[in-house]
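Structure, as structure tokens:
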Number of protein chains: 2
Amino acid sequence: MEKERETLQSWKERVGHELDIVVAFWLEHSHDQEHGGFFTCLGRDGQVYDDLKYVWLQGRQVWMYCRLYRKLERFRRPELLNAAKAGGEFLLRYARVAPPAKKCAFVLTRDGRPVKVQRTIFSECFYTMAMNELWRVTGDAQYQSEAVEMMDQIVHWVREDPSGLGRPQLPGAPASESMAVPMVLLSLVEQLGEADEELAGSYAELGDWCAGRILRHVQRGGQAVLENVSEDGEELSGCLGRHQNPGHALEAGWFLLRHTIRRGDPKLRAHIIDKFLLLPFRSGWDPDHGGLFYFQDADGLCPTQLEWAMKLWWPHSEAMIAFLMGYSESGDSALLKIFYQVAEYTFRRFRDPEYGEWFGYLNREGKVALTIKGGPFKGCFHVPRCLAMCEEMLSDLLSRLAPASAPAAALSARSPPADPARRGAE
Amino acid sequence: MEKERETLQSWKERVGHELDIVVAFWLEHSHDQEHGGFFTCLGRDGQVYDDLKYVWLQGRQVWMYCRLYRKLERFRRPELLNAAKAGGEFLLRYARVAPPAKKCAFVLTRDGRPVKVQRTIFSECFYTMAMNELWRVTGDAQYQSEAVEMMDQIVHWVREDPSGLGRPQLPGAPASESMAVPMVLLSLVEQLGEADEELAGSYAELGDWCAGRILRHVQRGGQAVLENVSEDGEELSGCLGRHQNPGHALEAGWFLLRHTIRRGDPKLRAHIIDKFLLLPFRSGWDPDHGGLFYFQDADGLCPTQLEWAMKLWWPHSEAMIAFLMGYSESGDSALLKIFYQVAEYTFRRFRDPEYGEWFGYLNREGKVALTIKGGPFKGCFHVPRCLAMCEEMLSDLLSRLAPASAPAAALSARSPPADPARRGAE
């Protein structure tokens with residue numbers, strides 16, 4: 001017990017210290033003081049190598065700053081709040097391609113002109129996360145009405161009529177579902193419903209629908225999580241059908257664990273731990289070099305994606321969250337052991353002790369393949385979210401082990417926070 | 001002289017033998033006897049792992065089979081001609097998404113239903129190459145009228161009005177030109193104009209325009225070939241502007257060399273060898289592990305593409321063609337030396353002595369990263385085109401060195417063939 005406490009305590013300290021370094025990196029290098037919003041194309045030392053603004057990453061950084069501000073006392077600093085507000089204003093002003101229509105760009109110029117639009121829902125989802133979290137820290141109702149209206153639009157696209165996304169209907173394209181869609185929607189259900197009984201109630205059916213859709217991606221008699229399934233929940237033919245993304249399955253795993261916590265369903269919890277945590281870890285962890293493969297083929301064939309064997313930062317941060325949460329919820333020490341295994345690999349390979357933040361892309365052998373700290377898909381999100389959530393869960397575990405000697409966690413991972421939604425704005 | 005002759009002779013034999021093995025691989029594994037067309041998603045041993053039909057690769061394989069049939073006596077076999085015709089019929093029937101409109105799909109199901117459409121001209125370009133070459137071997141005028149009509153449409157999209165491609169005009173997207181566009185058009189000018197004075201004449205201005213546009217990609221006072229430039233021929237900002245693709249520059253190099261041969265412009269030849277052969281080779285060849293990088297940044301920054309440091313088969317086959325052609329045309333032995341260097345690396349690393357054909361994707365260190373022999377972007381094209389062209393050029397060089405003892409090449413690399421366009425149909 002004392003040994004376990006020590007190990008947990010040491011990881012809590014490592015994780016908390018790392019979070020400070022990571023946040024400092026983004027505070028120092030990413031703020032666009034002129035136009036608002038964030039530079040995310042940052043080299044190893046933080047230098048801006050491109051000033052394009054990717055809307056996913058703008059929304060995520062706003063969300064992350066607000067969340068840190070709201071949840072962790074030491075980050076309740078005006079520079080985070082002000083940067084988040086400037087990022088939110090940038091999104092309000094420029095993210096939508098043809099307002100009042102809700103479709104958002106994928107990437108904008110530094111001054112907000114649209115460069116590219118994706119025919120998916122993801123820019124809009126991260127816009128929604130940003131707006132809801134901004135409302136929570138500022139209390140400004142405009143942000144919340146933006147969030148709720150965008151959420152309505154996204155749900156309409158996903159469940160009723162996708163035609164507004166602009167994807168052509170081609171007779172050879174199978175009606176398929178990417179797991180990303182119900183996943184990101186489920187995370188929005190949690191986001192909007194936090195400490196808000198009315199919204200939580202009105203999205204309860206949607207949350208169950210998302211969870212049900214994600215669970216349909218467990219295929220082959222429970223032996224594989226597949227990224228894409230047919231509209232009827234069946235395996236698709238060819239590479240599309242066999243495509244696997246272990247990090248994504250693990251991320252879905254912790255989204256689903258949170259869902260079971262909200263819904264109070266311990267039987268489902270065991271299924272999720274088995275299928276979305278242990279299964280992708282066992283098949284996705286590289287036995288030769290360690291680390292999680294980026295993509296796999298369910299038949300063990302060679303994937304066609306050139307980067308399939310690379311080790312990316314985000315599957316590892318998602319795995320850290322998933323296994324620590326799995327352990328927190330189940331008490332199964334095998335999950336804690338895997339958390340340590342993943343965390344050791346991750347801290348050893350991805351951290352950059354010299355300039356801060358993490359490298360994002362390692363080769364199969366675990367060597368840094370790209371020295372960038374941010375780019376079109378890596379911003380201020382997965383790393384600090386992982387570190388903040390792990391810090392919180394580790395604090396909670398420590399306080400459960402030795403309630404007297406360890407400081408109580410600010411917020412419990414088990415129960416939604418009791419703080420009013422607008423606490424940070426007081 | 002004798003030593004040079006021996007080395008050339010030995011490479012001619014290696015290349016010719018390799019071509020036989022590569023063609024045998026596609027003949028054995030890729031034919032769809034039921035629907036016509038070709039499977040290109042082939043595993044290491046030739047097994048079909050996906051039956052989707054990528055239109056680029058359908059067109060390219062039709063072209064390649066016809067070209068081999070037409071140019072090399074030992075490939076004048078009914079099985080090549082019949083498979084090419086079945087591929088051509090498949091394209092005629094299914095490639096266009098909404099006939100009579102000319103836009104072609106990017107990928108079709110096995111039975112020809114469109115799965116995806118790209119908003120570019122490339123499917124249409126490879127369709128055109130296939131149809132023109134089919135006409136050359138069969139004499140069937142329908143193929144040629146398909147080729148010429150599609151060419152008119154492509155030129156209209158490129159030079160007059162791109163709106164039919166369906167790309168949205170976004171205010172933040174710079175009007176830019178990818179070098180791929182004038183490159184592929186220039187290759188079509190050569191394809192359609194071969195031994196056809198009338199068409200060669202009517203495309204002469206277009207060929208000069210393409211060459212001029214490609215030459216504008218030499219930037220920074222002649223120190224870098226950039227993949228993308230502005231509509232005015234200036235460097236674009238950010239990663240897009242700094243993006244370099246050494247294999248593409250080398251491929252453009254031999255397209256331009258052929259252009260100078262047709263146009264009789266030796267002064268331009270020296271410039272092309274300097275800027276499109278030596279420059280990309282010097283900056284793109286990995287000094288540590290050998291091989292050409294896939295992508296680079298003109299400022300030496302880290303590219304954002306995950307696969308930037310990988311070694312792909314096609315830049316190496318294009319480099320072999322480019323340096324052997326450069327030597328054939330200039331007699332500069334430094335170029336022959338580089339041909340040997342590239343060919344040694346390529347034969348050592350990409351060949352699969354066990355199952356035939358080449359691996360397509362190596363990691364930075366030159367180890368096989370993907371074991372597939374074909375996929376969405378690798379088919380029966382770059383490898384056999386390289387081998388057939390190198391065999392022809394090596395024969396020509398040998399016959400120039402020792403006209404009496406070496407058999408004359410079927411066709412000279414220096415002058416366009418004198419055979420009538422329909423020779424293969426006789």
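Note on naming: letters A, B, ... go to the chains in the order of the sequence lines (proteins, then strands), and numbering restarts at 1 for each one. A quick note: this is a predicted structure, and the numbers were derived from the prediction, not measured.
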Donor-acceptor contact present, side-chain Asp50(B) to main-chain Cys239(A), <3.5 Å | yes
When you measure from the side chain of Arg364(A) to the backbone N and O of Ala369(B), does any donor-acceptor pair fall under 3.5 Å?
-> no
Applying side chain to side chain donor-acceptor pair (under 3.5 Å), name anything that partners Ser30(B), two or more places apart in sequence or on another chain.
-> Gln61(B)
Taking only residues two or more places apart in sequence, or in another chain, which ones meet Arg351(A) in a side chain to side chain donor-acceptor pair (under 3.5 Å)?
-> Glu18(A)
So which of Gly241(A), Pro114(A), Gly238(A), Ala173(A) has the biggest tally of heavy-atom pairs under 4.5 Å with chain B?
-> Pro114(A)
Mind ranking Gly375(A), Ser237(A), Pro171(A) by heavy-atom pairs under 4.5 Å with chain B and telling me who comes out on top?
-> Pro171(A)
Note: Lys367(A)-Glu365(B) ion pair, threshold 4.0 Å (strictly below) | yes
Contact residues of residues 293-314 of chain A (partner chain B; heavy-atom separation under 4.5 angstrom) | Tyr294(A), Leu301(A), Cys302(A), Pro303(A), Thr304(A), Gln305(A), Leu306(A), Glu307(A), Trp308(A), Met310(A), Leu312(A)
Please classify the contact between [X] and chain A as side chain, backbone, both or neither, with a heavy-atom cut-off of under 4.5 Å.
| X | result |
| --- | --- |
| Tyr361(B) | side chain |
| Lys116(B) | backbone |
| Val107(B) | neither |

Would one find more than 12 heavy atoms of other residues, nucleotides or ligands at under 6.0 Å from atom CD of Gln169(B)?
-> no
Going by residue number, which parts of residues 31-44 of chain B are within reach of chain A, meaning a heavy-atom gap below 4.5 Å?
-> none
